[in-house]
Colleague: 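Could you have a look at this structure, given as C-alpha cells, before my questions?
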Amino acid sequence: MPDSGEEQKMEDLISNFRWNRNEIYGRFNREDAENIMRIPISLSRSGDMHFWIRSKHGEYSVKSCYQVLLKEERSKGSETKGDSGSSYDDSNTQIWKTLWGLNIKHKIKLFIWRCIPNTLTARETIFRRTKQGSPFCSRCGDNMETMEHILFHCEQAQKVWKLAPVQWDGIQNQIGCFKKWWAALVQATSRNKGRQHIALTANILWQLWKDRNKMEFEGKERDGLKIVQKAST
Ligand SMILES: [Zn+2]
C-alpha cells in the first residue's frame with residue numbers, strides 16, 4: 001500500500017473498463033498487484049461500478065479494497081495450516097460445486113462440464129480422433145480450431161471478450177487451458193457478485209460456442225455485440 005495517506009479512488013486504477021496495469025504495478029508490490037488484477041471488473045449498465053468492497057462507509061476506495069484482499073489472504077493462510085487433504089481434490093470439488101450452484105440454464109452447466117475435460121467437438125479434436133475433415137478454424141483459416149481457440153483466441157472470441165461486461169484480465173495467462181482458466185475463475189466465488197460474474201462468464205462462453213456452430217453449420221456470421229447482449233440478458 002502506498003503511504004501517501006491519501007485515499008485513492010478505484011477509478012484511478014481502471015481505464016476504459018480494464019485494470020490499468022501500469023498504475024497498479026506502479027503503486028503496489030507485485031503480489032498485491034497480482035491480487036488486484038485478479039478481481040473481475042463488472043460493467044454495470046447503470047454506469048455504477050460494482051465492486052466487492054466492504055468498507056465502513058461504503059466508499060469505493062483502494063484502501064478498503066486492499067483490506068478485504070488482505071483479510072482473504074490471511075483466512076486462506078489459516079485454512080491451509082490445518083489442511084491434511086489434497087488440494088487438487090479440493091479444487092476439483094470446488095469446481096463442480098460452483099458450477100452446479102450457478103444460476104444459469106442446465107444446458108449451459110452441461111456445456112461447461114464438457115469444456116472442463118476438453119470434450120467439445122472442435123475441429124481439431126475430431127481431426128485428431130478420426131482424421132476426418134479439417135482441423136483449421138473456419139473463421140480465421142490458418143489456426144487449429146481447438147476449444148480454447150473458439151472460446152478465447154479466435155477473432156470473434158477476442159471481440160466478444162473486449163465488449164463483455166465482465167473482465168478476467170488477471171487470469172489471462174491461463175487461457176491456454178480451459179480447465180486451468182476455469183479453476184482460477186472459480187476462486188472469485190466468495191467475492192461480492194462473484195457468482196454473478198461467473199454465471200455471466202458461462203453465458204458468454206455458451207454464446208461463443210453457439211456462434212461457432214452457427215458459423216460452422218449454417219455459415220452465418222453474428223455480430224460480436226449481439227453475442228454479448230444475448231449472454232447478458
Ligand atoms: Zn478462428
Side-chain angles (χ1 to χ4, degrees), residues 15-21 37-38 40-43 95 98-99 102 104-188 196-233:
S15 62
N16 207 11
F17 302 116
R18 303 209 147 226
W19 286 117
N20 188 334
R21 185 172 259 279
M37 294 285 292
R38 267 188 222 121
I41 297 176
S42 168
L43 322 184
I95 287 172
T98 305
L99 180 58
L102 288 180
I104 52 173
K105 288 184 182 141
H106 190 66
K107 64 179 177 191
I108 303 179
K109 291 180 189 172
L110 290 177
F111 160 72
I112 302 287
W113 192 22
R114 284 172 64 208
C115 288
I116 294 168
N118 197 357
T119 56
L120 277 195
T121 46
R123 282 181 163 209
E124 188 272 341
T125 321
I126 298 173
F127 185 80
R128 194 160 23 87
R129 288 190 195 145
T130 66
K131 300 279 170 262
Q132 300 288 308
S134 156
F136 297 105
C137 174
S138 62
R139 204 186 291 270
C140 46
D142 41 37
N143 289 300
M144 290 274 190
E145 196 207 47
T146 60
M147 187 182 74
E148 284 84 3
H149 179 79
I150 298 166
L151 300 178
F152 304 120
H153 303 289
C154 192
E155 54 193 59
Q156 180 76 319
Q158 300 265 343
K159 227 183 269 170
V160 166
W161 287 116
K162 238 178 227 161
L163 295 165
V166 63
Q167 302 290 339
W168 299 95
D169 287 355
I171 56 172
Q172 190 66 14
N173 56 340
Q174 309 281 3
I175 58 175
C177 168
F178 184 90
K179 189 179 174 179
K180 277 192 190 154
W181 181 79
W182 186 261
L185 174 140
V186 161
Q187 303 299 314
Q196 274 160 267
H197 291 153
I198 298 170
L200 177 60
T201 304
N203 283 331
I204 292 168
L205 294 165
W206 168 247
Q207 288 299 331
L208 277 169
W209 174 241
K210 271 181 57 176
D211 176 66
R212 177 270 183 186
N213 291 338
K214 262 216 146 55
M215 179 77 185
E216 180 79 2
F217 303 116
E218 298 170 36
K220 282 184 189 157
E221 283 234 49
R222 280 205 296 176
D223 184 52
L225 186 61
K226 284 214 177 97
I227 296 173
V228 174
Q229 283 165 346
K230 264 207 119 160
S232 310
T233 49

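Both ligands and their constituent atoms are indexed starting at 1 by order of listing.
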Colleague: Check the surroundings of atom NZ in K230: do more than 12 heavy atoms from other residues, nucleotides or ligands lie under 6.0 Å from it?
Modeller: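 Result for NZ/K230: open.
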Colleague: Quick one: does NZ or CZ of K131 land under 6.0 Å from the six-membered ring centre of F127, within 45 degrees of the ring axis?
Modeller: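 Yes, a cation-pi geometry.
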Colleague: Would R139 and E216 count as a salt bridge (charged side-chain N to carboxylate O under 4.0 Å, His left out) if you check the C-alpha gap in whole Å, the side-chain angles of each, and the deciding distance to 0.1 Å?
Modeller: CA-CA 9 Å; R139 204 186 291 270; E216 180 79 2; over 6 Å; no
Colleague: For K220, enumerate each residue passing the side chain to side chain contact (heavy atoms under 4.5 Å, CB included) test, keeping only those at least two apart in sequence or located in another chain.
Modeller: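 Only K214, E218 meet the side chain to side chain contact (heavy atoms under 4.5 Å, CB included) criterion with K220.
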Colleague: What protein N, O or S atoms come within a distance below 2.8 Å of the Zn ion (ligand 1), ordered by chain and number?
Modeller: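 Within the sphere that stays under 2.8 Å of the Zn ion (ligand 1), the protein atoms of type N, O or S are C137 SG, C140 SG, H149 NE2, C154 SG.
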Colleague: So that I can tick it off, tell me whether E124 and R128 are bridged by a salt bridge, with the cut-off set at under 4.0 angstrom between side-chain N and carboxylate O.
Modeller: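 Result for this pair is yes, salt bridge flagged.
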Colleague: State whether the side chain of Q158 and the backbone N or O of F152 hold a donor-acceptor pair below 3.5 Å, judged by distance alone.
Modeller: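 The answer is yes, because a donor-acceptor pair under 3.5 Å joins these two groups.
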